[in-house]
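Heads up: the structure comes next, in C-alpha cells.
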Amino acid sequence: LFVDDGSGYVSAGTTTAVGSPVPFSYTAVAEGTYSFYTVATDGVGLVESMPGTPDAVTTVDVTAPAGTMVINNDDPLTNDVNVTLSITVAGADQMRFRDAGATWTAWEPYDTTRAWTLPAADGNAVVEAEFQDVAGNVAATSDDIALDTTAPVGALAINGGAAVTSDGNVILDNTVTGAIDMRFSDDGANWGAWTAYAASQAWVLPVGDGPKTVFAEFRDGAGNILAVEDQIELDTTAPEVPIIVAEPVHTPGLSNTVSWSSTSAADYLIEVATDGAFTSVVGSSGWVVDTFFDFTGLSHGQVYFYRVK
C-alpha cells in the first residue's frame, strides 16, 4: 500500500494475505487530502505496475464548523414567541436545534436563517444549535432572549381624577408599573410622540366646553402596550349672576335672612360688609347650595351691604 499526502507516495505497509480483502490502517499526520494505491508482487518477485490513478482518495477533516447563531438579531427582549435565528457558521453542511434541554430537531441542510417558536412562558428562553460538516465534525452554540408578553399595568387620571375643570390646561397623573415610555391622544387616532415614562404630564384639552377624553398608551421594553383613558368635563362658562331679593330699609332684630335667585350654579357664597366696597367683610356663608342664608350677630343701627356669587 502506498499513500500520497501531497508530498509524494510513500509505502504504508505490506501484506502476504492475498486470498481475501485485506484491511490496511493508516494514521494521517495532519488534515488534508490523501491518495492511496496498491501494487502486487508475485512469487518470483515481479511487481505490478503502478496504476495511473489512485485506487482511493479521502480527505481528513477534524476541524468543526465555526460561527454564531443569534435570536432576533441579538435583541435582548421580545414579546412574540415567533422569532428568527440568524446563523453565520463557516464549514457547516447540516444543522439542528432545540429549546434548552429539549429534544433535537432532525438534521436539516445548513441555511443562514431559521424560524423558531419559543416556549410560551414568559422569562429567559434559550435556543441551542448544532452545526455539522460533511466529515461529521459538530459545533455547538446557543443564544438566549427574554420573552415578555405581559403589558404594563396601571391607570391614567386627569387632574387627580376630578370630574370637572374650568381650565383646559390639565395634569395627567400616571400610575403605571413596567412602562418605559408613553404617548397621549385626544381622539385615540392622532398620537403625540413617544416620550420617557413619567408620573405626570401636562396636557391641553381641545377648546370648547363639554366632556373631554384623553387616551394614553404605556409601553414596556419588549413592546407590550397598556391602553387606558380618562374623561373630564371642561366647563369654562361662568354661571348666571344670582340676584339678591330686595332687602327692606330696616330689618328687625340682630339677624337677617338674605335670599337670592336660583341659577345654574352648583353652589353660592354670600358676604356681608359694613361698606359698599366690601373692604370690611364681617360675615360670609361659605359655599352653600341653598339660595338663602341667615346672618346673625348683627349690630343695632349698623348699615350692612350684601353680595352673592
Under 3.5 Å, is there a donor-acceptor pair linking the side chains of [X] and [Y]?
X	Y	answer
Ser284	Glu271	no
Thr117	Asn82	yes
Asn190	Ser185	no
Asp209	Thr237	yes

Does [X] use its side chain to pair, donor to acceptor, with the backbone of [Y] at less than 3.5 Å?
X	Y	value
Asp275	Ser280	yes
Asp93	Val134	no
Asp148	Thr150	yes
Thr105	Phe97	yes
Asp187	Ala189	yes
Asn72	Thr84	yes
Asp55	Thr38	yes
Asp99	Ala125	no
Tyr268	Thr263	yes
Asp220	Ala222	yes

(request) Answer yes or no: are there more than 12 heavy-atom neighbours, outside Tyr9 itself, under 6.0 Å from its atom OH? (result)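 Enclosed.
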
(message) Please check if the number of heavy atoms outside Ile243 that lie under 6.0 Å from its CD1 is greater than 12.
(response) no

(request) Anything under 30° is parallel, anything over 60° is perpendicular, the rest tilted; go ahead and classify Tyr197 against Phe218. (result) perpendicular

(request) Hey, can you tell me if Phe184 and Trp203 have their rings parallel, tilted or perpendicular (30° and 60° cut-offs)? (result) tilted

(message) Quick check on the 6.0 Å ring-centre criterion: do Tyr306 and Phe295 meet it?
(response) yes

Can you check whether [X] reaches [Y] side chain to side chain, under 4.5 Å on heavy atoms?
X	Y	value
Ile71	Leu85	yes
Thr274	Tyr304	yes
Arg114	Trp116	yes
Val228	Val176	no
Asp181	Thr195	no
Thr68	Thr88	yes
Val282	Gln302	no
Trp260	Thr291	yes

If you group Ile, Leu, Val, Met, Phe, Trp and Tyr by side-chain heavy-atom gaps below 4.5 Å, do [X] and [Y] land in one group?
X	Y	answer
Val308	Val288	yes
Val70	Val126	no
Phe293	Ile244	yes
Tyr26	Val10	yes

Check [X] against [Y] and note the closest heavy-atom contact, atom names and distance.
X	Y	answer
Arg219	Pro152	C-CG, 4.1 Å
Leu226	Ala151	N-CB, 4.3 Å
Glu130	Trp104	CG-CH2, 3.4 Å
Ile87	Phe131	CG2-CE2, 3.5 Å
Asn174	Met182	ND2-SD, 3.6 Å
Phe278	Val281	O-CG2, 3.6 Å

[atom1]-[atom2] distance between [X] and [Y], expressed to the nearest 0.5 angstrom:
X	Y	atom1	atom2	result
Leu147	Asp144	CG	CG	12.0 Å
Glu240	Ser262	CD	OG	8.5 Å
Leu254	Thr296	CG	OG1	9.5 Å
Thr63	Asp61	OG1	CG	5.5 Å
Thr213	Gln231	OG1	CD	4.0 Å
Asp230	Lys212	CG	NZ	14.5 Å

(request) For Ile145 and Leu118, run side chain to side chain contact (heavy atoms under 4.5 Å, CB included): C-alpha distance rounded to whole Å, both residues' side-chain angles, the deciding distance at 0.1 Å, then the answer. (result) CA-CA 10 Å; Ile145 193 168; Leu118 303 173; 3.8 Å; yes

(message) I'd like to know whether Thr165 forms a side chain to side chain contact (heavy atoms under 4.5 Å, CB included) with Asp235, so could you lay out the CA-CA distance, the side-chain angles of the two residues, the decisive distance to 0.1 Å, and finally the verdict.
(response) CA-CA 6 Å; Thr165 180; Asp235 182 3; over 6 Å; no

(request) Give the intermediate values and the outcome of side chain to side chain contact (heavy atoms under 4.5 Å, CB included) for residues Val89 and Met95. (result) CA-CA 10 Å; Val89 176; Met95 60 186 186; over 6 Å; no

(request) I would like to know whether Val3 and Phe36 meet side chain to side chain contact (heavy atoms under 4.5 Å, CB included); could you show each step before the answer? (result) CA-CA 5 Å; Val3 59; Phe36 299 88; 3.3 Å; yes

